[in-house]
Amino acid sequence: MDVSKNIPELFGSMVFNDKIMKERLPKDTYKSLHRTMELGKHLEPSVANVVANAMKDWAVEKGATHFTHWFQPMTGISAEKHDSFISPDGPTSVIMDFSGKDLVKGEPDASSFPSGGLRATFEARGYTAWDPSSYAFIKDDTLCIPTVFYSYGGEALDKKTPLLRSMEVLNKQALRILRLFGDTQTTRVITTVGPEQEYFLIDKSLYEQREDLVMCGRTLFGAKPPKGQELEDHYFGVIPEKVMDYMRDLDKELWKVGIFAKTEHNEVAPAQHEMAPIFTDTNRACDQNQLTMEIMKKVAARHGLSCLLHEKPFRGVNGSGKHNNWSISTNTGINLLEPGDSPENNARFLLFLTAVIKAVDEYQDLLRVSVASAGNDHRLGANEAPPAIISMFLGDDLTKILEAIETGSEYSSENSREVIKVGVHILPRFAKDTTDRNRTSPFAFTGNKFEFRMLGSDLSISGPNIILNTIVAEELSQFADVLEGAKDFSSALDDLIRKTIAEHKRIIFNGNNYSEEWEKEAECRGLLNLRTTPDALPSFIAPKNIELFTKHKIFTVTELHSRYEILMEVYVKRLNIEALTMSDMVKRQILPAITRYANDLTQAALNKKAFSESIDTAFELSTVKKLSSLCRKLTDDTEALEFHLDKTHEIEGVTDQANYIRDVIIPDMSAIRAAADEAELLTGAEYWPFPTYTELLFSIR
Ligand code: ADP
Ligand code: MG
């Protein structure tokens with residue numbers, strides 16, 4: 001490996017970024033491409049041709065032979081179909097060719113991507129279209145062009161299209177607000193995201209011995225190891241050399257494709273780690289996070305490791321999440337969620353802040369939907385991740401300021417006691433550590449951004465950011481409607497902020513979100529507690545949310561219903577696979593292993609008795625008895641599971657199927673697991689058919 005290569009040179013070396021564009025494109029082309037990137041303006045075909053050619057030349061110099069339209073279908077992972085640059089040049093020779101048309105539009109055979117009924121198979125065509133606002137990059141000798149993916153009828157089939165729409169809407173509404181504050185400089189408002197990514201690393205050869213990990217990404221069995229995470233000695237602990245090598249290598253691979261990987265450390269659970277990138281605009285952050293997950297897995301394989309991105313690979317051990325740090329910025333470099341230095345800036349900050357408060361309160365259901373998945377159901381509310389209840393942490397200082405504003409009472413800070421008037425007073429600065437102390441909140445203000453902490457580690461971050469952008473844009477549009485019509489801006493602003501705080505403060509909670517008291521208190525406050533995916537998903541197509549999405553043209557009604565279907569279907573399919581894997585492992589691995597051990601014990605007891613009638617065989621006898629009754633239980637429970645699985649397939653409609661799975665299949669699976677885990681602890685280690693938790697979690701040192 002070329003360790004000496006300096007990092008600034010390495011960084012972004014595989015990205016067709018702004019610097020390269022400037023170097024390689026004619027001035028005019030560069031300018032019109034920039035206009036397209038920043039303002040979403042249409043790109044002329046002639047310009048596209050020039051860009052395509054420059055891109056191809058650059059890529060070929062870097063060793064690329066193929067290109068692909070890289071897109072994010074509803075499977076949650078990225079998809080690509082590779083075409084080579086080769087084009088015939090006479091009967092015996094070829095040239096490397098890539099036209100503007102190739103760059104701008106593609107037609108992958110898309111019939112087997114989920115569409116939720118949007119595309120009947122006879123109309124299976126799907127198109128990809130270049131997204132110039134995210135840079136093209138090279139991966140595996142292939143030029144990857146970020147694209148959106150849509151159907152013949154124009155409906156979005158991917159996660160990027162609605163994200164771009166939501167960024168557009170937020171831009172539009174935020175600009176209305178900024179103009180009211182006299183800001184004529186800003187021409188574009190974007191949201192920014194820095195997703196912190198947790199993951200597990202385990203030995204690859206152990207991984208391969210576990211059908212559940214291979215098929216489902218998580219363990220369906222496994223007794224609790226004698227040592228778990230209770231000592232918390234893993235958190236920020238010394239990183240084992242093997243993992244260190246992995247992280248170094250990962251950093252380099254990420255840097256090459258322009259991802260600002262910055263921090264890496266051990267997490268709370270054994271074998272768990274985290275990677276945090278530096279934030280960027282939401283569109284690129286989403287693309288980069290998809291790429292990060294892919295590269296994490298690939299680099300792991302190179303090191304004889306397996307990278308688990310499942311939200312909950314091990315029971316009794318913390319699952320993995322993803323923290324979506326989100327903020328709003330102007331193209332003039334202002335972070336709109338940062339308290340300012342002047343009274344006017346503070347008024348603006350308070351307006352954006354209260355817009356977020358109102359958004360989170362009114363659309364709790366959608367935020368919950370945006371993180372719902374079969375895997376995340378094991379995590380939310382399990383004393384390790386925030387509960388399924390959405391609330392907001394603002395910290396005591398900011399909460400007191402809002403209270404003072406609402407009631408018109410005095411706020412005392414270190415150096416003064418005053419009645420804070422919006423637009424008249426400067427807010428005190430909040431030290432980061434006063435806003436960052438609560439790690440249990442699902443949605444926390446951390447000084448100049450919000451951290452949405454309910455995401456599971458393998459989730460595409462597009463969903464949650466589509467929701468965040470849209471719901472905040474909606475509140476900003478309501479605010480702009482009120483303020484644009486006001487006779488006296490400052491008093492209208494004051495009233496609006498006061499009123500919004502009063503009406504939505506129930507969503508603010510600074511205490512311990514993991515406590516039982518909070519669950520009760522949240523109920524009294526009327527906050528939602530949607531525990532499972534089938535509980536949460538119907539909100540996606542609730543009338544108020546359909547109205548929101550269609551008003552801002554984020555999703556059409558058809559798109560919403562199709563996405564709802566897809567999400568429910570994924571839940572059903574995932575659990576179906578888990579259930580089948582479970583029954584397979586019980587019948588073909590666990591029962592035979594226990595039987596072998598029980599047989600050996602029986603044989604040992606018989607031998608002992610033959611040797612001398614008086615030798616004690618209580619151990620053999622009682623263990624065989626216990627194991628036999630557990631085998632009986634495993635057999636019965638697995639039969640019940642299979643019977644119920646057949647029933648699931650008879651149920652019509654994916655919603656009812658999902659509910660049945662939640663109510664019947666999941667309890668069946670819990671019963672099987674309990675019996676198997678009990679048997680594991682009674683069975684000789686060398687008999688157990690696959691690696692145990694201790695081996696999986698403590699094998700890398
Ligand atoms: P730390 O927690 O290490 O002190 P920060 O709080 O600065 O670090 O950042 C945590 C994550 O939040 C990082 O991924 C960072 O890039 C991201 N982040 C910081 N500022 C913003 C912002 N304005 N918008 C979006 N994400 C941000
Ligand atoms: Mg964090």
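Residue indices begin at 1 and follow the sequence shown. Numbering of ligands and ligand atoms starts at 1, following listing order.
Side-chain rings of F549 and F540 approach one another, their centers coming within less than 6.0 Å.
Where the criterion is an N or O separation shorter than 3.5 Å, residue side chain and backbone included, K449 meets it with respect to ligand 1. At least one N or O atom of F279, backbone or side chain, sits closer than 3.5 Å to an N or O atom of ligand 1. Between P195 and ligand 1, no N or O atom pair is found at a separation short of 3.5 Å. Considering backbone and side-chain N/O of T192, one or more are found under 3.5 Å from N/O of ligand 1.
The distance from ligand 1 to the heavy atoms of N335 drops below 4.0 Å at these ligand atoms: 23 (N). Which parts of ligand 1 touch S327 is read off a 4.0 Å heavy-atom cut-off, strictly below it: atoms 22 (C), 23 (N), 24 (N). Listed by number with element, the atoms of ligand 1 under 4.0 angstrom from any heavy atom of P277 are 13 (C), 14 (O), 15 (C), 16 (O).
Considering I508, I507, V472 as possible partners of V360, the one that fulfils the side chain to side chain contact (heavy atoms under 4.5 Å, CB included) test is I507.
The closest donor-acceptor contact from the side chain of W326 to the backbone of L468 lies at 3.5 Å or more, if one exists at all. A donor-acceptor pair under 3.5 Å is formed between the side chain of S327 and the backbone N or O of N448.
Contact check on R379 versus E311 returns no salt bridge, with no Lys/Arg side-chain nitrogen under 4.0 Å from an Asp/Glu carboxylate oxygen. One finds no salt bridge joining K262 and E196 here, because no Lys/Arg side-chain nitrogen approaches an Asp/Glu carboxylate oxygen to under 4.0 Å.
Distances from atom 12 (O) of ligand 1 to the heavy atoms of N325, T280, I278 show the closest one on N325.
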